[in-house]
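A quick write-up on the structure given underneath.
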Amino acid sequence: MKTLENRVALVTGSTSGIGLAMARRFALAGAEVVMNGFGDPAEIDALRESIALDSKTRVHFIPADLSKADDAQMLVKQTLAICGRIDVLVNNAGIQHVAPIHEFPDERWEAVIAINLSSAFYTSKIALPAMHQNGWGRIINIASAHGLVASVNKSAYVAAKHGIVGLTKATALENAKRGVTCNAICPGWVDTPLVRKQIVARAEAQKISVEEATRSLVGEKQPNERFVTPEQLAELALFLCSDAAANMTGSAYTMDGGWTAQ
Ligand code: NAD
């Protein structure tokens with residue numbers, strides 16, 4: 001069913017991983033989609049074209065470096081200029097840096113907070129008035145299990161993800177009477193480039209194979225010992241855009257194989 005027909009959806013950080021799966025799923029549900037993120041221009045264009053072909057909807061790519069406030073705001077302004085409206089905003093772009101606080105580089109702290117937290121404030125700030133005009137909107141912030149619990153050596157990420165769960169609640173309350181909902185999704189481990197880097201680093205540090213490092217990384221946190229998939233997360237995001245989810249707002253939904261139940 002084309003539940004997002006006549007809707008415009010912007011997904012930040014959608015050239016890879018979770019965001020890419022969401023962009024694809026929303027397009028298949030009928031939305032006009034705006035993609036964003038880093039990568040090889042030819043590869044991004046091929047992705048954009050393949051999604052457009054499969055879904056038969058319009059798919060755009062707007063470059064923006066979400067570590068910069070101006071770029072984040074411009075991304076939504078350009079979406080409005082090109083598509084004429086914005087109905088769904090997924091704040092998904094994110095990076096990770098792993099180090100203890102006493103060794104954490106200042107520049108990495110600033111980058112993680114800017115991309116994983118502040119960019120969602122700047123995009124929402126521009127998108128909300130447009131959603132108010134239509135009396136309908138969905139903002140979905142991709143947080144993490146680390147938005148609810150902490151792990152060692154991920155101070156900036158944990159702070160940013162706890163922050164975005166708070167921003168989600170504030171956004172939900174401010175817009176509760178305007179037909180706009182805002183929720184966070186908190187995934188456990190998902191096999192994407194963001195996590196691959198951590199697996200390879202673990203394999204090197206512990207002198208074990210990548211397969212063993214994968215098993216120990218996932219099993220250490222997730223009782224079900226299985227990766228969450230980008231496609232499963234995309235289905236949850238699509239559900240949050242449905243009419244059935246109209247009264248779901250201000251919440252953080254986990255999909256984490258039991259990680260945060262412990
Ligand atoms: P990924 O590395 O596959 O994708 C990240 C995306 O963000 C890419 O498109 C990248 O180009 C984009 N990006 C990075 N920096 C950017 C910048 N400055 N400006 C614009 N775009 C930028 O990672 P992923 O695992 O798909 O992560 C997506 C989101 O999900 C992140 O917010 C991440 O924290 C969150 N998350 C991931 C996992 C996991 O296990 N992979 C778990 C929980 C939460």
Side-chain angles (χ1 to χ4, degrees), residues 1-4 7 9-31 33-37 47 50-51 54-55 57 59 87-96 116 120 138-149 151 157 161 164-165 168 181-199 211 213-262:
M1 230 176 35
K2 301 254 176 187
T3 52
L4 289 182
R7 302 281 189 206
L10 164 61
V11 185
T12 71
S14 46
T15 53
S16 165
I18 297 166
L20 177 58
M22 290 186 180
R24 183 172 280 132
R25 187 66 191 93
F26 289 172
L28 288 171
V33 169
V34 176
M35 297 173 68
N36 151 266
L47 280 175
S50 83
I51 296 175
D54 292 347
S55 63
T57 64
V59 182
D87 302 289
V88 178
L89 167 64
V90 182
N91 290 306
N92 167 76
I95 59 166
Q96 175 63 285
N116 296 28
R138 296 285 188 266
I139 298 181
I140 300 171
N141 293 324
I142 307 306
S144 166
H146 286 116
L148 305 170
V149 295
S151 294
Y157 191 82
K161 294 302 187 182
I164 206 163
V165 169
T168 299
T181 69
C182 180
N183 291 288
I185 293 180
C186 297
W189 291 119
V190 190
D191 193 359
T192 68
L194 185 140
V195 162
R196 273 287 130 193
K197 279 187 211 150
Q198 296 174 57
I199 291 171
E211 290 69 31
T214 306
R215 259 198 310 279
S216 87
L217 178 119
V218 177
E220 188 179 274
K221 297 287 187 184
Q222 281 191 210
N224 72 346
E225 297 182 339
R226 274 199 314 269
F227 280 116
V228 176
T229 70
E231 291 72 26
Q232 290 166 341
L233 291 161
E235 291 298 333
L236 175 55
L238 184 63
F239 178 72
L240 289 174
C241 296
S242 71
D243 289 339
N247 289 314
M248 297 166 76
T249 195
S251 293
Y253 295 100
T254 58
M255 190 183 281
D256 66 5
W259 178 332
T260 54
Q262 298 167 98

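All residue numbers refer to positions in the sequence shown, counting from 1. Worth knowing before you read on, the calculation uses all heavy atoms, side chains too, and leaves out hydrogens, waters and symmetry mates.
- Side chain of Ser14 to backbone of Ala23: no donor-acceptor contact under 3.5 angstrom is found.
- Heavy atoms only, all atoms of each residue included: Arg25 and Ala234 are closest at CB-CB, 3.8 Å.
- Here the side chain of Asn116 pairs no donor or acceptor atom with the backbone of Lys161 at under 3.5 angstrom.
- Residues Ile18 and Pro187 share a closest heavy-atom pair of CD1-CG, 4.5 Å.
- Glu220 pairs by the salt bridge (Lys or Arg N to Asp or Glu O under 4.0 Å) definition with Arg202, not counting sequence neighbours.
- Closest heavy-atom contact between Leu194 and Gly94: CD1-O, 3.7 Å.
- Judged purely by atom type and a 3.5 angstrom limit, Gln232 uses its side chain to pair as donor or acceptor with the backbone of Thr229.
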Give every donor-acceptor pair under 3.5 Å between a side-chain atom in residues 142-149 and any protein atom, sequence neighbours left out.
from: Ser144; atom 1: OG; to: His146; atom 2: N; distance (Å): 2.8
from: His146; atom 1: NE2; to: Ser151; atom 2: OG; distance (Å): 2.6

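- If you check the side chains of Thr168 and Asn141, you find a donor sitting under 3.5 Å from an acceptor.
- The closest donor-acceptor contact from the side chain of Arg7 to the backbone of Val88 lies at 3.5 Å or more, if one exists at all.
- When atom types are taken as modelled, the side chain of Gln262 and the backbone of Lys221 share a donor-acceptor pair closer than 3.5 angstrom.
- Between atom SG of residue Cys241 and atom CZ of residue Phe26 there is a gap of 4.5 Å, rounded to the nearest 0.5 Å.
- The minimum heavy-atom distance between Val218 and Trp189, with the atom names listed, is CA-CD1, 3.5 Å.
- For the pair Arg138 and Leu240, the tightest heavy-atom approach, listed with the atom from each and the gap, is NE-O, 2.9 Å.
- Shown here is Lys2, whose NZ atom has more than 12 heavy atoms of other residues, nucleotides or ligands within 6.0 Å.
- For Thr181 (side chain) and Thr249 (main-chain N/O), no donor-acceptor pair under 3.5 Å exists by modelled atom type.
- For the side-chain hydrogen bond (donor to acceptor under 3.5 Å, both in side chains) test, no residue two or more places apart in sequence or in another chain qualifies with Asn183.
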